[in-house]
Each structure stands twice: as C-alpha cells, then as structure tokens.
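These notes concern the structure reproduced below.
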Amino acid sequence: MGFIRLTLAGLFATTSVAGALAADLKSVSENCHLKGFRDPLRCLQVTVPADYQRPDENQYEIFVAIAPSLRENAKPDPVFVLAGGPGQSGSSIIHLLANAMQKLRATRDIVFIDQRGTGRSGKLDCPNLKDQMFSLDEQQSVAMFRECVESHSVDFSHYTTANAARDLDKIRQQLGYNQINLWGGSYGTRLAQTYARLFPENTRALILDGVASPEQVLAVWSKDAQAALDKLFQQCAQDEDCRAAFPNLQQDFVNAATNIKAGIPPVRLRHPRTGEWIDVPLTYEIFADTVRTALYSPTTMAALPQLIHLAAEGNWQPMVTALLTYSEWTQDAMAILLTFSVACAEDVPYIDEATIESERASGFLEGLQARTWPQLCQQVPVNTVERHSTETIAAPTLLLSGAYDPVTPPWRAEQAMQHISTDQHIVVPQLSHGISNVGCAPKLLRDFLDKPNDKVDDACLQSTRFPPFVVSAAGPRP
C-alpha cells in the first residue's frame, strides 16, 4: 500500500556489562535480560497517572530498564535515553545504542524507557495493518486503521509529549535521582526539550541527536528530504566511481518516477528474510518513501544510486528488496497508534491547505504524509494541543546533526538553538540521521557530560568519510 507506511525517525543504541548499582535501585528493580543486550539489566514498572489532571483515576505502567554504571562509584546523574518516532520504545533500541552509550556507562547509569503507548508500556499498535501493508489500497487502509483505533479501549488524548515528559519525572523520583541528563534521538529530542522546560530544576544537561525544533511539524518533510537527495546526487557526481557507473543519476531518478507513476506490474521475488516467493505491488508513494528511508543512513545512501539506476532500467527487484529490508527495521519497533495519537494532537492540526500545496511542490515526496495523515487523524479521537513551548532552556545542551539528514537537518537544530541559552552544535558533513554511534562521538558525549559547560572538541568527527558507493552487484569498486 504505502498509505500508512511508517518510516519515522529510527534511532540508534547501547551495550554493556553488569556493574555497580546503587542500593536503593536494587530495592525497586530486579534483574532482567533484553534481546540484543548481552549483560543483565535492572528492570521495573513505574506507575503513573493516565491523566495528570486527574491523578487518582486510571493509571499506566511504564517499563524501565537500567544499565548500571560499570564503576562502583557511579556519578549521581544518570542518562535517560529517549527513543524516536513517536512510537519507538527504549527497550527496542538498546542493541542499537551499544556503541554510543559505552563510554557514558563507564561512570553513569543508563536508563531506557518505554514511553507510554510503546514497547512494554501498553503498546498502541496495529499489527494486522502492518501485515497487509503492501496489499491495501487507500480506502482499505483507512478502514483497517479505523478498526484498529476502535479495538483499543483507551483515551488516546492521554498520549501526549507533555504527559510522556511527566512520566519521566515520575521515573526519576522512583529511582531516587536528583538531577538527570537526557539523551534524545529524533522525536526523542522533542521529548527531552519538553522535559527540560517542564522540569528545569531536575535537568542537568541535554544531548540532542537529530534535532526536532519546537516549530517543526511532523509529516512536513518534503523540502528536507529533497535537499538530502540533491546532496546525494552531488556527492555521486563528485565521486569518480559513482559518476562513472551512474553518469545520469538525476535523470535515472526522473525516469524511474515517471515509469512507476505510469504503472508497473507487481514485482515477484523471494522475501529477503523468509525466502518465500511474494508479489509486491509498487506505487509511486512506496518508491518515494523507500528513497526517503534510504537517506536516513550513509550506508543505505551509498547503495541508493545503484537502486535508482536499476529501477530506471526496469529492474525493480533490488529496490523492492531494499524496501522489505527497511520495513523490517522500522515497522516492528514502531507503535503506529501512539505515533498518530501524538501527531494527530500536536502536529497534524497545524497542517493547512497552503502547507499541503507547498509540500506537494517541494520535492519527490510530493507531500505524501502531509496529504494522508489528516485523513487518518480523523479516525483518532484526540484534542488539539497547543504548539510546543519555546521557553528558553537553561541546561547545557549538545546538539548533533548530519548534513544529509532528510528529516532533522542542521537548520532544524539551529532553529531549536534560538530557544536554548547554552548550546553547542556539531554538524558532521558526511553523516545523516544519527551521530552518537559514529567514530569518536561516544567519547565526545562523555566529555560533554563530564564538563557540560566546556566546549567539546569535535575535530575527530569532522574527518568522518562518506562510505564508498555501491556501483555493481559486487558492491563498491575495490
């Protein structure tokens, strides 16, 4: 289908070893293991009000996993990890952030949280819809989405970024921490900023990776995605091997887009995971969203010119294989109904006709999400939330951006910096969405948290190189 394909802000991740856990934490948590994380963690459920205006009514259970500091005398201020989406859970990205958090965990506890409505905190999801994502047309998608909404007996209006931030403070209190540091990735940067504004006295420092500014509206991504694709075209043209293999890459993209808009037969291939033969019907929307998803990572970006070139020649199998692989990454971890509960209250009400027309004309996405999300939001019973506060954040803040980022490019971080009093912004020219895992970044994160008011020396990150382009079935040129 493509109508409810969610390739939102995917994130990164963590590693570990057992360590010194404060005695008070042992009293409120128990040993546990999570998939992809080698060492035992400490896990607990924290009870929070469903509605903070009526705290004595319904309650939710929030799942929390703690990777204890590797040293016995841990620093008193842990790092709370806030995943992306909205809809991604902290427990689902632990394995992804292994490298990023390794240095930090030497001296601090790392706290992973499944935000309300995600992961093990009452996940709001539509698994049947995901299973049939390639076989439904637009009307069928909306009907199945409506059925999914109606099957959940919850008040969707409780699932807001502000309430998620209030949950974080309940967790902080439960764990006995005074001040906390927050690491946010993508949508998690919005949640981190919201917490810092609601609880400034409890916020020691922020690390924002792939920064969403308070002004940013989810689903309005066409200009940023087109800018990232244009940079990829330039990068390929400047690379000897890529230029030789794909001398007319931009025209290849135009040809592939034209052909798929005219209609192509379903692509028959073996599923890359199951090995079963499947027929995948392709639409322009699916093609465009697959390209956008590839732009999230330099590794997948390096393979994109070849996929576009082969598609332009009529060979869509490699593109579909990439589509199925990307879907495996993003769909399972994402809670679709939580995504829309947040977006339908906080973002979609601010998408007007002028925005949709601008999006439609601004890039290859042609305003896909900006056009379709309002229809889906008509099915989700939530109230419109006021735009996010721009009250100045006083806590020291490190902002990280990749120049190729198709959804939170550097200018979004610069926009957020207008509302932060003490900030440092690192832009890495050869990276995209997510910096914390790459090269010397883990060391820089620790340098920053150890002395958050000192300037971080990012010279080691600036030498990060773009991966070699895939120019044939054999991969990059030797």
Side-chain angles (χ1 to χ4, degrees), residues 11-26 28-44 46 63-84 88-114 119 168 171-172 174-185 188-189 192 195 202-209 395-398 400 426 434-452 454 456 460-461:
L11 284 212
F12 335 93
T14 259
T15 187
S16 80
V17 181
L21 188 64
D24 56 341
L25 290 185
K26 286 185 176 178
V28 297
S29 61
E30 59 185 18
N31 282 328
C32 62
H33 291 270
L34 293 181
K35 182 180 179 181
F37 202 75
R38 180 182 59 189
D39 305 310
L41 302 164
R42 300 292 299 187
C43 294
L44 69 154
V46 177
F63 176 79
V64 179
I66 306 163
S69 166
L70 298 174
R71 295 182 184 172
E72 290 187 0
N73 297 319
K75 293 182 182 298
D77 46 282
V79 180
F80 277 33
V81 175
L82 311 179
Q88 203 171 34
S89 63
S91 61
S92 72
I93 65 168
I94 279 183
H95 65 292
L96 298 175
L97 279 173
N99 188 51
M101 296 296 155
Q102 189 174 23
K103 293 285 186 182
L104 294 179
R105 196 189 166 195
T107 54
R108 287 181 169 84
D109 297 339
I110 310 297
V111 181
F112 295 90
I113 298 153
D114 285 3
L168 296 181
I171 295 164
R172 180 196 65 79
Q174 177 78 8
L175 297 179
Y177 296 119
N178 182 16
Q179 282 194 315
I180 60 174
N181 307 287
L182 297 106
W183 178 97
T189 67
Y195 180 88
N202 301 332
T203 306
R204 178 177 179 269
L206 303 175
I207 298 173
L208 308 179
D209 191 345
T397 303
L398 177 65
L400 305 169
I426 296 176
I435 307 298
S436 296
N437 256 342
V438 179
C440 64
K443 177 182 180 301
L444 301 187
L445 302 187
R446 179 171 168 181
D447 290 346
F448 170 72
L449 288 189
D450 284 349
K451 297 180 179 179
D454 290 358
V456 171
C460 57
L461 263 185

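Here the closest heavy-atom approach between residue P396 and residue R204 is recorded as CD-O, 3.3 Å. Scanning both residues, P40 and P68, for their nearest heavy atoms gives O-CD, 4.5 Å. Between R446 and R71, the closest heavy-atom pair is NH2-NH1, 3.8 Å. Counting all heavy atoms, side chain and backbone alike, A65 lies closest to C43 at CB-SG, 3.9 Å. Pairing each heavy atom of F112 with each of A67, the nearest pair is CE1-CB, 4.4 Å. Scanning both residues, A441 and S436, for their nearest heavy atoms gives CB-O, 3.5 Å.
Residues I426 and I435 form no side-chain contact, since every pair of their non-hydrogen atoms from C-beta on lies 4.5 Å or further apart. Contact of the I180 side chain with the V111 side chain is not registered, since no non-hydrogen atoms from C-beta on lie closer than 4.5 Å. Side-chain contact between C460 and L444: present, with at least one pair of heavy atoms (C-beta onward) separated by less than 4.5 Å. You'll find the side chain of I110 stays beyond 4.5 Å of the side chain of W183, heavy atoms only. Under the 4.5 Å side-chain criterion, counting only non-hydrogen atoms from C-beta, D447 is not in contact with D454. Looking at heavy atoms from C-beta onward, V79 lies out of side-chain contact with L445 at the 4.5 angstrom threshold. N178 places none of its side-chain heavy atoms less than 4.5 Å from the side chain of P76.
A distance of 9.5 Å separates NZ of K443 from CG of D450, quoted to the nearest 0.5 Å. Here CG of L449 is found 5.5 Å from CG of L104. Values are rounded to the nearest 0.5 Å. Here N437 contributes atom CG and Q102 contributes atom CD; the two are 10.0 Å apart, rounded to the nearest 0.5 Å. The CG atom of L82 sits 9.5 Å away from the OG1 atom of T189 when rounded to the nearest 0.5 Å. For the atom pair K75 NZ and Q179 CD, the distance stands at 14.0 Å (nearest 0.5 Å). With rounding to the nearest 0.5 Å, the separation of CG in L206 from OH in Y195 is 10.5 Å.
Listed for the R42 side chain is no donor-acceptor partner under 3.5 Å among the backbone atoms of C32. With R172 contributing its side chain and Y177 its backbone, the two residues share a donor-acceptor pair below 3.5 Å. Using a distance-only test at 3.5 Å, with no hydrogens or angles considered, no donor-acceptor pair links the side chain of D114 to the main chain of S89. Side-chain atoms of D209 do not come within 3.5 Å of backbone N or O of G185 as any donor-acceptor pair. Looking at T397, its side chain does come within 3.5 Å of a backbone N or O of A395 through a donor-acceptor pair. In this structure a side-chain-to-backbone donor-acceptor pair under 3.5 Å is present from N181 to D77. Checked by atom type and distance alone, the side chain of D109 pairs as donor or acceptor with a backbone atom of S69 at under 3.5 Å.
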Passes side chain to side chain contact (heavy atoms under 4.5 Å, CB included), I171 versus I113? Steps please. CA-CA 9 Å; I171 295 164; I113 298 153; 3.7 Å; yes
What's the verdict on side chain to side chain contact (heavy atoms under 4.5 Å, CB included) for V46 and V28, showing C-alpha distance, side-chain angles and the deciding distance? CA-CA 10 Å; V46 177; V28 297; over 6 Å; no
